[in-house]
Amino acid sequence: MYDIASIYSARSVDDAIRALQADPAAVVIAGGTDVLIKIREGKLAGCPLVSIHELGEELSGVTQAPNGDIEIGPLSTFRDVTYDKIIRANVPVLGEAADMAGGPQLRAAGTIGGNVCNGVTSADTASTLMALDAQMHVKGPDGWRIIPIGAWYQGVGKVALAHDELLMQIVIPKAHYAGWSGHYIKYAQRNAMDIATLGVSCLVKLSADKRTVEDARLAFGVAGPVPMRALTAENGVKGMALSEAVERIGALALADVNPRTSWRASREFRIQLVSELSGRALAEAARKGGAQI
């Protein structure tokens, strides 16, 4: 049973914003794969809901702007993202990460917007969007604003989205993906339908001969209270021979992470995963970029 006080089906984005303004207790629901679980568990019991499920025309789909930026509507499901031609051609690592969320039923209903708006560090798309340095375009009563994803996550379950604002687009600037290749690794207790014990996403830009790391981005989920970039590791491997970078990036990343012990894994085990999986992710990202490794 679901204890829901009321549900309002918004007719437009502006209508949804007005509904949220009118009720400080209202909770946005889209695919419902996260919100309904919280209601059933009692965390959001008795809450009023504002549904944006029917706003697909305004809030779903993937497009490429004339300048090459990729614009992802937040109501795009995980499956939409995985199989979108623009994603596959330009940022396949994001599609691969989306394809690791839950099972087929969840991926058909859950949305990428919900995955980042719930503020959960284990969200499968979060670390890859961090590595891509995505921009979050939101709209509220006072208009639009752009929030870099590095400023989006503000604590456990908290994001930089006001109560009466909606996420409108997730934008990946062309400069953040052109010339880069990437790979995402999800370590979990089971091979499918499980929450990540650790997620690591690595992007790399290689030299013309594919032997040197010109630039790298490394991001983690569940290595701290929020998804995070490993800036020490990124800066440490710039200009380094690829083979050496693969060996060293994991140790460098330990200066950036702060995992905790939970019932899924100990802090020590997660540190070991950071150390091991960072190099594997870099090696595979480089291989996808044409390196012989």
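Count residues from 1 along the sequence.
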Between the main-chain N or O of V93 and the side-chain N or O of H183, is there a donor-acceptor pair closer than 3.5 Å? no
Side-chain heavy-atom pair L49, I39 within 4.5 angstrom cut-off: yes
Contacts of Y83 meeting ring pair (Phe, Tyr, Trp, His ring centres under 6.0 Å) (sequence neighbours excluded), chain-then-number -> none
Does CZ in R260 sit with more than 12 non-hydrogen atoms of other residues, nucleotides or ligands closer than 6.0 Å? no
Is there side-chain contact between L20 and H163, with at least one heavy-atom pair below 4.5 Å? yes
Just by distance, no angles: are the side chains of S207 and E214 close enough, under 3.5 Å, to form a donor-acceptor pair? no
Single-linkage hydrophobic cluster F220~V159, side-chain heavy atoms < 4.5 angstrom: no
Side-chain heavy-atom pair Y187, V222 within 4.5 angstrom cut-off: no
Would you indicate whether R79, at its atom CZ, is surrounded by more than 12 heavy atoms from other residues, nucleotides or ligands within a distance under 6.0 Å? no
For the residue pair Y184 / D124, report whether a side-chain donor-acceptor contact shorter than 3.5 Å exists. yes
Answer yes or no: is there a side-chain heavy-atom contact under 4.5 Å between V156 and T121? no
Side-chain donor-acceptor pair present, S127, S201, cut-off under 3.5 Å: no
For atom CD of E41, is the number of surrounding heavy atoms from other residues, nucleotides or ligands below 6.0 Å larger than 12? yes
Sidechain N-carboxylate O distance under 4.0 Å for R107, D99: yes
Does K210, at its NZ atom, have more than 12 non-hydrogen atoms belonging to other residues, nucleotides or ligands within less than 6.0 Å? yes
Mind running side-chain contact (heavy atoms from CB on, under 4.5 Å) on L161 and C117 for me, showing each step along the way? CA-CA 8 Å; L161 187 68; C117 285; 4.1 Å; yes
Distance in Å, R267 CZ paired with S262 OG, rounded so as to fall on 0.5 Å steps: 12.5 Å
Can you check whether T197 reaches R270 side chain to side chain, under 4.5 Å on heavy atoms? yes
Could you tell me whether R280 and E284 have a side-chain N and a carboxylate O separated by less than 4.0 Å? no
Tell me whether E96 is salt-bridged to K288, with the criterion being a basic N under 4.0 Å from an acidic carboxylate O. yes
What do you reckon, is CZ of R211 surrounded by more than 12 foreign heavy atoms closer than 6.0 Å? no
Using modelled atom types only, decide if a donor and an acceptor are shared between the side chain of S76 and the backbone of G73 within a distance under 3.5 Å. yes
Answer yes when K38 and D34 have at least one side-chain N-carboxylate O distance shorter than 4.0 Å, and no when they do not. yes
Would you say P259 and I271 make side-chain contact, with heavy atoms under 4.5 Å? yes
Any side-chain heavy-atom pair from I172 and D69 closer than 4.5 angstrom? no
Take D23 and Y8, measure what side-chain hydrogen bond (donor to acceptor under 3.5 Å, both in side chains) needs, and give me the verdict at the end. CA-CA 11 Å; D23 190 347; Y8 177 75; over 6 Å; no
Check this for me, if you would: do E165 and R145 make a salt bridge, where the nitrogen-to-carboxylate-oxygen distance has to be below 4.0 angstrom? yes
Does the distance from a Lys or Arg side-chain N to an Asp or Glu carboxylate O, for D14 and K139, drop under 4.0 Å? yes
Criterion side chain to side chain contact (heavy atoms under 4.5 Å, CB included) against I185, the qualifying member of V200, L198, L273: V200
